[in-house]
Amino acid sequence: MSELLPDVVAARLGGDMSSLSVVQRGRTVEARRFAVPEVRADEDGGVSMSGYATVYGFPYDVAGGPERGGWSEVIAEGACAKSVVERDDVRLLVNHEGLPLARTAAKTLTLASDAVGLRCDASLDRSSPLVASVLSAMERGDLDEMSFAFRVIRQEWDADYLERRITEVQLFDVSLVTYPANPATVAQVRDDVPAPSVRGLDLRMASAVRARLSI
C-alpha cells in the first residue's frame, strides 16, 4: 500500500498500515469502514440487504487524524462511478475474506454510485450457514457496520499532507465488518425497516442517507 501514499505520510505511520489495508486477489489495497446497511425479509422468503459501502463528501480521520500522525480524508462524489461501470466481479464478504455472501458476477449483488455514495443491494441465501450467522449477529446488534476495499486511482493532498481527497477508486469488495474504522455507521435487521439513525453524520448527510435507504 505504501506506493499509494506520499513518502511523508508513510513515514509518519512508521510503515505500519495493516489497519488500513487488506489483501485482495494477491494485491494489498486500502479499506475503509463507512456504511449504513439494512437487511429485510422478502415476500418470497429470501433476505435482501441494502446499504452504502461509502458515503461521499463526509470527512473522517484516518490513522488517528492529523494530530496523531494520520490525516483527514474524504471520498469525493462520483469517486466509485467509473469502477461500478467497469468492474464486473465485486463480492460482498465478511471482514474482507472467506466465502462471498453475494457477487456482482452472479447478479446477486448490485452496485450503484449515486449522490449519496456507493449503494449496495444484495440478495442473500437464507439456507447458507454463513448467512444465518450474519443475520443472527445483526439481529442481536453485534454486527452493524460495513466497509469497502479499494485501490486509489486519483487523489489530491494539501501542502502539508494532512488532508486527502480521493476522486477515483477501483473497487475490490464490499464487506460486513466486526471493527469499524469510522463511527458514522449503523445497521438494522427488521422485517419492517424504519429509517436508520446515523451516528456521527451531520444532519444534511443523515437525511440523505435515510431517504435513500427507506424501503
Side-chain angles (χ1 to χ4, degrees), residues 1-35 37 51-65 69-106 109-114 116-122 145-158 161-182 184-185:
M1 175 180 160
S2 59
E3 71 274 11
L4 303 179
L5 298 174
D7 291 342
V8 64
V9 177
R12 284 205 310 260
L13 297 178
D16 182 11
M17 291 169 280
S18 59
S19 64
L20 307 176
S21 62
V22 296
V23 177
Q24 290 292 349
R25 306 181 193 180
R27 173 183 290 173
T28 300
V29 298
E30 296 188 59
R32 298 291 185 273
R33 281 79 168 168
F34 191 80
Y52 282 90
T54 190
V55 175
Y56 294 147
F58 183 79
Y60 53 90
D61 286 343
V62 178
W71 64 90
S72 176
E73 185 173 277
V74 64
I75 307 294
E77 183 172 349
C80 300
K82 189 171 185 289
S83 190
V84 165
V85 174
E86 296 178 351
R87 202 76 167 166
D88 59 0
D89 194 8
V90 177
R91 294 162 174 80
L92 171 64
L93 304 176
V94 179
N95 289 320
H96 298 288
E97 62 184 10
L99 293 173
L101 298 171
R103 185 176 178 179
T104 56
L109 172 65
T110 301
L111 301 177
S113 176
D114 61 23
V116 174
L118 176 61
R119 169 87 184 209
C120 311
D121 291 282
E145 288 93 7
M146 286 185 70
S147 172
F148 77 128
F150 60 94
R151 184 169 71 92
V152 174
I153 303 300
R154 291 188 295 130
Q155 59 186 313
E156 302 166 357
W157 290 86
D158 70 346
Y161 294 100
L162 297 177
E163 295 181 5
R164 185 192 198 192
R165 184 172 181 265
I166 296 175
T167 57
E168 184 181 341
V169 301
Q170 180 185 31
L171 301 172
F172 282 82
D173 74 64
V174 293
S175 183
L176 290 160
V177 292
T178 305
Y179 295 104
N182 192 308
T185 59

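Starting from 1, each residue takes its place in the sequence as its number. Computed from a predicted model, the values in this text were never measured in an experiment.
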Practice task
Please confirm whether the backbone N or O of Glu163 pairs with a side-chain atom of Asp158, one donor and one acceptor, at under 3.5 Å?
Solution key: yes
Handout entry: Side chain proximity check, Asp173 to Leu92, heavy atoms < 4.5 angstrom
Key = no
Problem - Result of checking Tyr60, Tyr161, Trp157 against Trp71 for ring-ring contact (aromatic ring centres under 6.0 Å, His included) - result: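 Between Trp71 and the candidates, ring-ring contact (aromatic ring centres under 6.0 Å, His included) is satisfied uniquely by Trp157.
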Practice task
Using only heavy-atom distances, determine whether the side chains of Asp114 and Tyr52 contain a donor-acceptor pair under 3.5 Å.
Solution key: yes
Completion exercise
Minimal heavy-atom distance between Leu93 and Gly98, with the atoms involved, is CD2-O, 3.7 Å
Problem - Minimum-distance pair of heavy atoms, taken over all atoms of Ser83 and Leu171 - result: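 Looks like OG-N, 2.9 Å.
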Practice task
Mark yes when over 12 heavy atoms from residues, nucleotides or ligands other than Leu99 sit less than 6.0 Å from its CG; otherwise mark no.
Solution key: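 12 or below, so no.
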Exercise for the section: Answer yes or no: is there an ion pair linking Arg87 with Asp89, defined by an N-O contact shorter than 4.0 Å? Expected result: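 No.
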Practice task
Please examine the side chains of Asn95 and Leu176, heavy atoms only from C-beta on, and report whether any two atoms are closer than 4.5 Å.
Solution key: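 With C-beta onward as the side chain, the pair stays apart.
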Problem - Side-chain heavy-atom pair Thr167, Glu156 within 4.5 angstrom cut-off - result: yes
Handout entry: Stepwise side chain to side chain contact (heavy atoms under 4.5 Å, CB included) test for Ile75 and Val55
Key = CA-CA 7 Å; Ile75 307 294; Val55 175; over 6 Å; no
Exercise for the section: Scan Thr54, Leu109, Thr104, Leu101 and name whichever one has a side chain to side chain contact (heavy atoms under 4.5 Å, CB included) with Val174. Expected result: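 One option only clears the test, and that one is Leu109.
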Problem - Beyond-backbone contact of Cys80 with Tyr56, side-chain heavy atoms, under 4.5 angstrom - result: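 In short, these two side chains touch, coming nearer than 4.5 Å.
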Handout entry: Euclidean distance, Lys82 NZ relative to Arg154 CZ, rounded to 0.5 Å
Key = 9.0 Å
Problem - Shortest non-hydrogen separation from Gly70 to Leu162 and the atoms involved - result: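 Looks like O-CD2, 4.0 Å.
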Fill in the blank from the handout: Of all heavy-atom pairs linking Ser72 and Pro59, the shortest is OG-CB, 4.1 Å
Practice task
Please confirm whether Arg91 makes a cation-pi placement over Phe172, using NZ or CZ under 6.0 Å from the six-membered ring centre and within 45° of the ring normal.
Solution key: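 No, Arg91 does not lie over the aromatic ring of Phe172.
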Problem - Heavy-atom side-chain contact between Ile166 and Glu73 under 4.5 Å - result: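 Yes, close enough: below the 4.5 Å cut-off.
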Problem - Side chains of Arg164 and Gln155, donor plus acceptor under 3.5 Å - result: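 Present: a donor and an acceptor within the cut-off.
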Problem - Non-hydrogen atoms of Cys120 and Ala53 that approach each other most closely - result: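 Looking at all heavy atoms of both residues, the closest pair is SG-CB, 3.7 Å.
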Fill in the blank from the handout: d(His96 NE2, Ser147 OG) to nearest 0.5 Å is 3.0 Å
